[in-house]
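This report refers to the structure that appears directly beneath it.
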Number of protein chains: 2
Amino acid sequence: MSPPIDDEPGAPTLAEVAKLAGVSLKTASRAVNGERYVSSATMDKVLHAAAMLGFRPNRLARELRQGSRSSLIGMVVGDLSNPFYARVAGALEKEVGSRGFHLITASTGEDPEAEQRLVEELLERRVAALVLVSTSRSHRYLAAADLRGTPIVFLDRPPVGLLADTVLLDNRAGARMAVEHLISHGHRQIGLIGDLAHISTHQERLRGYVDALTASGIDGWEAYVREDAHDIRTAKNITAAMLAQGRPPTAIFTANSRITIGALNAMNRLHRAPALIGFDDFELSEVLEVSVVAHDMERMGAEGAALVLARLAGGAEETRRVTIPCRIVARGSGEREPRWR
Amino acid sequence: MSPPIDDEPGAPTLAEVAKLAGVSLKTASRAVNGERYVSSATMDKVLHAAAMLGFRPNRLARELRQGSRSSLIGMVVGDLSNPFYARVAGALEKEVGSRGFHLITASTGEDPEAEQRLVEELLERRVAALVLVSTSRSHRYLAAADLRGTPIVFLDRPPVGLLADTVLLDNRAGARMAVEHLISHGHRQIGLIGDLAHISTHQERLRGYVDALTASGIDGWEAYVREDAHDIRTAKNITAAMLAQGRPPTAIFTANSRITIGALNAMNRLHRAPALIGFDDFELSEVLEVSVVAHDMERMGAEGAALVLARLAGGAEETRRVTIPCRIVARGSGEREPRWR
DNA sequence: GTGAAAGCGCTAACAC
DNA sequence: GTGTTAGCGCTTTCAC
């Protein structure tokens, strides 16, 4: 298994540095950490020895001794390669990184069991804080960690059975605005294509959709709701199927950007396309003239970071909930009139 | 600083579990780790005590003691919120995650100094391996870590001054194909919009561009090369400026997907657009009928993971270099004829 | 200014 | 099967 000969020396320890410098362990420690009360001569000797040996302090040992939590912040998301979460993670990392924290990420594939296992591992690693875009139905399993002082922040989806800091989009209002916008342009058969049914953002957006329709006295919408379009391909197929059905919708509300992209693929080359509004802005929405419910994705990461850092810094404040507003951006696709009445 | 009263109990240790279970520390350790040679009665007692206390083993301590490297794999990229790297990271995480490793990520913002600092921190954490999409001009600073047995894998950009496993796209060939494709459609004034000049992928793609033009005896291309279009907005502006210049190109080769998107924004609403081929495929390329140089992004992560795992598993093989091929996908934009001769 | 000893939480080595 | 002892690499006493 391991190389038979030529065994590697192993990382140099502080003890070796101290020995080479001819000082005690503690003095070496002081010098390496730039503490005061070290004569500059000693300092030089030690630093020189450390450089010679290529000394690199072992953080595991340091953090263990200090009993302190590590400078790692654990983040658990459904899928890191989803650009939405990647951007949120990027923004969060940027904020906490400037305070000396690192982000350690784990993807669950939207599997609650995987989530629990990954969270457990992060906790075993004594992460300084936990950031979750959770897929679990209940978060009571986090109560112990919470009590023991590990800050927990929920992003995008709220905690269930647990009080914790949370950053959410205004999903329901955003969806409602989108559908009202379509209604105001004369639509009454409005399709909804949504993400996995158990995800809270989907449920909220569905609620907003129903809100708008109910407020306008429109019923029969049940025939126009589709769920579980979790990837672009599925969204494309579902959209195509909906447009091919007996009495197709005259407008479609796609409940996230992947679904919007899937729907655009499905509507490609259609001579007369239904109206379309998508939740989430995306990079080519302008070029494609797609109306959307826009919001500030980076802000979710930044607000999450702020909550984490506040907890880490401080007292036992109340849990906070930040809501990020949404707004309609009209670009053409959402303003198309119904094709038939 | 710390809460004045009501001090938290601190995480329970194995010693406390052992005490509660009425066994020795080592027995508790064995039970918790599911080792053999523990009577099932003892096992039960210990596990019960651990559950009572909400015991969670401390990985820092375990890994320190075992002297083994942690089960963390460090990955350093320019920007995690860049979908390309997010997808690569996602694919890599998926592969190593199934073997019990976690990914710890850090973004450098394409700053070589930041990169070196972040790498140093990961090494201090004794990561099991290092995966780099590096922005540094030299990687000699990694030689020590390399010698000491930390596997290092380079993704997307090759190491300089260091021999290490590497996964690269066939940038030069891909770019050359793209430009040849444009030439075969009659273009002779072909613009190149590229990323930051110091990034190796940019340089390779530029080389491929020059290869194709030189092979066809086309010169004067220097007037059609633009660099440092690192984000969508910059790419848009640069493209717009190029199209507005005295003798604009009849075709454009955009050297990565962000640049392609920026260029599409710039070309929006143009009655007669120049031909366009972009490096990297993107989600809406079909809808927008954009011809691209496509490749398998997930594969880069997967191959990287394979290299990491092979190193971790094994002997002292030769360093390996994996090249991921590119292919032209014609969708219309790259087949437009020149507007004037 | 400097150093010796103890110990963070755990596991390896060796008893019994 | 179980327990004892030592020690991973570092920092924290507390002494000098």
Side-chain angles (χ1 to χ4, degrees), chain A residues 2 8-47 49-50 53-71 121 123-127 148, chain B residues 2 8-47 49-50 53-71 121 123-128 148-149:
Chain A
S2 53
E8 60 234 14
T13 72
L14 192 55
E16 296 172 42
V17 173
K19 193 172 158 196
L20 181 61
V23 298
S24 81
L25 185 58
K26 178 58 203 171
T27 301
S29 168
R30 276 194 267 256
V32 163
N33 288 306
E35 285 175 39
R36 282 174 319 175
Y37 306 123
V38 187
S39 75
S40 59
T42 316
M43 194 78 165
D44 284 353
K45 266 193 310 189
V46 175
L47 261 30
L53 262 33
F55 171 72
R56 196 168 353 244
N58 185 327
R59 287 221 184 207
L60 272 61
R62 175 182 299 180
E63 288 176 352
L64 174 61
R65 176 61 248 229
Q66 288 181 159
S68 72
R69 312 198 102 88
S70 82
S71 56
E121 289 200 33
L123 256 15
E124 287 182 6
R125 207 154 251 130
R126 301 301 188 261
V127 290
R148 217 168 277 122
Chain B
S2 52
E8 61 232 16
T13 71
L14 193 55
E16 295 171 43
V17 173
K19 193 173 157 195
L20 181 60
V23 299
S24 80
L25 185 58
K26 179 60 201 174
T27 301
S29 168
R30 277 194 267 254
V32 163
N33 289 304
E35 286 175 36
R36 283 173 318 174
Y37 307 123
V38 187
S39 75
S40 58
T42 316
M43 195 78 166
D44 284 353
K45 267 194 307 189
V46 175
L47 261 29
L53 261 33
F55 171 72
R56 204 179 332 258
N58 185 327
R59 287 223 184 207
L60 273 62
R62 174 182 300 180
E63 287 176 352
L64 174 61
R65 176 62 249 235
Q66 289 182 158
S68 71
R69 312 198 105 88
S70 81
S71 56
E121 288 199 34
L123 256 15
E124 287 181 6
R125 209 155 248 128
R126 301 301 189 261
V127 289
R148 217 168 279 121

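We name chains A, B, ... by the order of the sequence lines, and we start the count at 1 in each one. What you are looking at is a predicted structure, and each value in this text was computed from that prediction instead of being measured.
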Just how far, in rounded Å, is [atom2] of [N] from [atom1] of [X]?
X: B:Arg56; N: C:dC8; atom1: CZ; atom2: P; answer: 20 Å
X: B:Lys19; N: C:dC10; atom1: NZ; atom2: P; answer: 15 Å
X: A:Arg36; N: C:dT2; atom1: CZ; atom2: C1'; answer: 16 Å

Notebook entry, point to check: Are more than 12 heavy atoms from other residues, nucleotides or ligands located less than 6.0 Å from atom NZ of A:Lys19?
Noted result: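 Count not over threshold, so no.
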Reckon [X] has a side-chain N or O less than 4.0 Å from the OP1 or OP2 of [N]?
X: B:Thr42; N: D:dG1; value: no
X: A:Ser24; N: C:dT2; value: no
X: B:Ser39; N: D:dT2; value: yes

Notebook entry, point to check: Nearest heavy-atom pair of B:Gly54 and A:Arg148: which atoms, and what distance?
Noted result: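 That would be O-NH2, 3.8 Å.
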Checklist line | Nucleotide nearest A:Leu64 (side chain, heavy atoms from C-beta), chosen from D:dT4, C:dC8, C:dC10 | finding: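 Minimum distance to the A:Leu64 side chain belongs to C:dC8.
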Note to self: Taking the nucleotide of DNA chain C with the nearest heavy atom to each, does B:Arg59 or A:Met43 sit closer to the 5' end?
What the structure shows: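 Nearest nucleotide further toward 5': that of A:Met43.
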Notebook entry, point to check: What one-letter contact string describes nucleotides 11-16 of chain C from 5' to 3', where B marks a base within less than 4.0 Å of any protein heavy atom, S marks contact via sugar-phosphate atoms alone, and - marks no contact?
Noted result: BBB---
Next item on the list: Check the pair B:Asn33, B:Arg62 against side chain to side chain contact (heavy atoms under 4.5 Å, CB included), reporting the backbone distance first and the verdict last.
Entry: CA-CA 11 Å; B:Asn33 289 304; B:Arg62 174 182 300 180; 3.1 Å; yes
Note to self: What I want to check is whether the side chains of A:Arg125 and B:Ser71 have a donor and an acceptor closer together than 3.5 Å.
What the structure shows: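 Yes - a donor-acceptor pair under 3.5 Å links their side chains.
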Next item on the list: Rounded to the nearest 0.5 Å, what's the gap from CG on B:Leu60 to CD on A:Gln66? Could you check?
Entry: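 One finds 11.0 Å between CG of B:Leu60 and CD of A:Gln66.
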Next item on the list: Working to the nearest 0.5 Å, report the span between CD of B:Glu35 and OG1 of B:Thr27.
Entry: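 Those atoms lie 10.0 Å apart.
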